**Student:** 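Have a look at this one.
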Amino acid sequence: MDLGMTPRIKELAAKVRQMVDEEIEPLDHEFEAEVGKHPSGDRFQLTDRQLEILDTLKASARAKGLWNFWLTDSEKGQGLTTVEYAYLAEEMGKVGLAAEVFNCGAPDTGNMEVFERYGSEAHKERWLKPLLNGEIRSAYVMTEPGVASSDATNIALEAKPDGDDWILNGEKYWISGAGDPRCAVYIIMAQTDPEADKHARHSMFVLPADTPGIEILRPMHVFGHDDAPHGHMHIRFTNVRVKGEDLILGRGRGFEVAQGRLGPGRIHHCMRAIGQAEKALELFCKRAMTREAFKKKLVDLGANYDIIANCRMEIEQARLLCLKAAWMMDTQGTRAAQPWISQIKVVAPLMALKVVDEAMQVHGGSGISQDTPLAAMWTKIRTLRFADGPDAVHRRQVARAELRKYSNEKI
């Protein structure tokens, strides 16, 4: 396995790192501080200053050619492998605003992947083109409040045929990005054939966000925060009409589309989590070297040398596993890579949580406040342990793959 940086990626990573450090990070805190300052009082409306920040940074990224890195194996992207992209995503993970600035943010990347792989020419023209240009945002609508959505075969929102169209009824929640006023399109998973085989019961649809019958009930709070202006919304669908041509790939093929989407998306989150861990360790070391207590620098108190060493070793181990999963995707395909994707999906957030927690501890009270990015990092990484499937589900997949080596029976 060749998991190292290619010469091209070394150059791109240096450019991304420089822009993150010099342009994006100085504006990230200001962007967050603007939340809730819109004249309407709506926390999910972007202020003029927020729009100015985004427009300025995106224009700078595009002018530098730092755009749409995530779109591997496509003429619309930069032709990177998943391994190559991993190094760039890690740099983007260090600052909250960075992924969107480079048009590499979730859930848009996964949705663009769906449009690129499975969408019709009409979908590509209407939705993929403005998404690739960073002009609109999107949401992926899957999780439901009434069922255990970690088992996607439980998804129950119904889609009933009505002539050539479909009628949707039901509720979804934790719909990330649906709070953003720029969110123009949903990709939604619904049950179309309840009596079919469990992996043929569902279909995927494209749904304009302004379709009549869509009602945003509330933003879901993450540890007491609404994550505005992005948001994770609870939505009700009442007799929502979907045009027949907005059925993706075909009736009963929702799982096929979902697996094509979720493989890359899962590993992108892990790459960014490793970047957050690197940023947290950097903040830890700088704090420990400059702050004093009991007439000593913090680094010389307690077990801080051991803590720093363990953080470094665990970051390196997680990065190698992430790169191995990326290499498997590049060489064997997403399906064959699933055990490795599941492994890093467990390992990366747990590692990053530990490093961020240690960094918060050395910062004292400020570490859990808005004065550093650490508290927001911890919240996002802890949420990540649910976002693309809970740890137990991924561990189950890893164990099943392991047990199949020793049994001819279906496990």
Side-chain angles (χ1 to χ4, degrees), residues 5 9-37 46-71 77-78 80 84-109 112 131-137 176-177 180 182 225 227-231 268-286 315 352 355-356 359 370-381 384:
M5 280 194 184
I9 288 303
K10 286 182 180 178
E11 182 180 353
L12 283 174
K15 290 180 179 179
V16 169
R17 187 180 307 115
Q18 182 178 14
M19 186 169 174
V20 169
D21 291 345
E22 297 179 3
E23 298 182 49
I24 302 174
E25 187 169 17
L27 293 173
D28 185 71
H29 184 75
E30 183 182 353
F31 182 91
E32 291 296 327
E34 283 284 304
V35 173
K37 292 184 179 180
L46 277 76
T47 67
D48 290 343
R49 179 55 180 154
Q50 286 176 310
L51 292 170
E52 181 185 11
I53 288 171
L54 286 171
D55 290 345
T56 300
L57 291 174
K58 285 183 175 183
S60 178
R62 294 197 74 166
K64 293 179 173 70
L66 307 177
W67 194 256
N68 285 338
F69 296 119
W70 61 274
L71 194 57
Q78 299 208 22
L80 305 180
E84 289 174 322
Y85 177 64
Y87 288 101
L88 305 182
E90 180 178 326
E91 296 297 332
M92 296 176 212
K94 294 176 181 178
V95 175
L97 209 56
E100 182 182 350
V101 167
F102 298 106
N103 212 40
C104 294
D108 295 331
T109 51
M112 285 188 273
L131 282 166
L132 286 171
N133 289 334
E135 297 165 355
I136 62 172
R137 300 297 307 267
S176 298
D180 193 317
R182 298 167 298 160
H225 297 281
D227 205 13
H230 187 67
H268 293 175
H269 281 311
C270 296
M271 297 167 183
R272 289 189 291 266
I274 292 167
Q276 289 177 298
E278 282 284 8
K279 184 64 177 180
L281 182 55
E282 175 190 336
L283 294 172
F284 183 114
C285 292
K286 288 179 177 178
I315 290 172
V355 176
V356 173
Q370 71 272 40
D371 290 344
T372 77
L374 294 168
M377 279 185 187
W378 192 95
T379 299
K380 290 177 181 177
I381 297 167
L384 183 56

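Because only heavy atoms are used, hydrogens play no part in the values below, and waters and symmetry mates are left out as well, while side chains stay in. Given the structure is predicted, the values throughout are model-derived calculations rather than measurements.
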**Student:** Is there a side-chain contact between V16 and F69, using heavy atoms and a 4.5 Å cut-off?
**Tutor:** yes
**Student:** Provide the closest heavy-atom pair for M19 versus L57 in the form atom of the first, atom of the second, distance.
**Tutor:** CE-O, 3.2 Å
**Student:** Do E30 and R49 meet the salt-bridge criterion of a basic N to acidic O distance under 4.0 Å?
**Tutor:**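 Salt bridge: yes.
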**Student:** Is it the case that the side chain of Q78 and the backbone of W67 share a donor-acceptor pair, with hydrogens and angles ignored and the cut-off at 3.5 Å?
**Tutor:**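 Flag set: sc Q78 to bb W67 pair under 3.5 Å.
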**Student:** Would you find a donor on one side and an acceptor on the other, under 3.5 Å apart, between the side chain of S60 and the backbone of T56?
**Tutor:**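 Checking the backbone N and O of T56 against the side chain of S60, no donor-acceptor pair under 3.5 Å is found.
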**Student:** How long is the gap from CD1 on I9 to CG on L80, to the nearest 0.5 Å?
**Tutor:**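 Rounded to the nearest 0.5 Å, the CD1-CG separation comes to 4.5 Å.
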**Student:** Rounded to the nearest 0.5 Å, how far does NE2 of H230 lie from CZ of R182?
**Tutor:** 10.0 Å
**Student:** Out of curiosity, L132 CG to M112 CE, how far, rounded to the nearest 0.5 Å?
**Tutor:**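 Interatomic distance, L132 CG to M112 CE, rounded to 0.5 Å: 5.5 Å.
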**Student:** Locate the shortest heavy-atom distance separating Q370 from H29; write the atom from each residue and the value.
**Tutor:**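 Where Q370 meets H29 most closely, the heavy atoms are O-CE1, 3.7 Å.
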**Student:** Could you go through L54 and L97, starting from their C-alpha distance and side-chain angles, then the distance that decides it, and tell me whether this counts as side-chain contact (heavy atoms from CB on, under 4.5 Å)?
**Tutor:** CA-CA 9 Å; L54 286 171; L97 209 56; 4.1 Å; yes
**Student:** Between G134 and K58, which heavy-atom pair has the shortest distance, and what is it?
**Tutor:**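 Distance-wise, the nearest heavy atoms are O-NZ, 3.1 Å.
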**Student:** Give, for atom CD of E91 and atom NZ of K279, the distance between the pair rounded to the nearest 0.5 Å.
**Tutor:**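 Separation between the atoms: 10.5 Å.
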**Student:** Are more than 12 heavy atoms from other residues, nucleotides or ligands located less than 6.0 Å from atom CG of D48?
**Tutor:** no
**Student:** Report the distance from atom CD of E23 to atom CD of Q18, rounding to the nearest 0.5 Å.
**Tutor:** 8.0 Å
**Student:** Under the 3.5 angstrom rule, does the side chain of D108 hit a backbone N or O of N103 as a donor-acceptor pair?
**Tutor:**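 Absent.
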**Student:** The criterion is salt bridge (Lys or Arg N to Asp or Glu O under 4.0 Å); which residues satisfy it with E32, sequence neighbours excluded?
**Tutor:** none
**Student:** For the side chain of Q50 and the backbone of F31, is there at least one donor-acceptor N/O pair under 3.5 Å apart?
**Tutor:**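 The answer is yes, because a donor-acceptor pair under 3.5 Å joins these two groups.
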**Student:** Taking all atoms of both residues into account, what is the closest heavy-atom pair of G96 and K380, and its distance?
**Tutor:** CA-NZ, 4.4 Å
**Student:** Indicate the atoms forming the closest heavy-atom contact of C104 with R272, along with that distance.
**Tutor:** O-NH1, 3.5 Å
**Student:** Determine the minimum heavy-atom distance between V355 and A277, stating which atoms define it.
**Tutor:**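 So the two residues come closest at CG1-O, 3.5 Å.
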**Student:** Could you check L46, L27, I24 and say which one makes a side-chain contact (heavy atoms from CB on, under 4.5 Å) with I53?
**Tutor:**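 Per the side-chain contact (heavy atoms from CB on, under 4.5 Å) rule, the option paired with I53 is L27, out of L46, L27, I24.
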**Student:** Can you tell if the side chain of P373 reaches within under 4.5 Å of the side chain of L283, non-hydrogen atoms only?
**Tutor:** yes
**Student:** Does the pair E100/R137 count as a salt bridge with the N-to-O cut at 4.0 Å?
**Tutor:** yes
**Student:** When rounded to the nearest 0.5 angstrom, what is the spacing between CG in L88 and CZ in R17?
**Tutor:** 9.5 Å
**Student:** Do K64 and K15 have side chains that get closer than 4.5 Å, going by heavy atoms?
**Tutor:** no
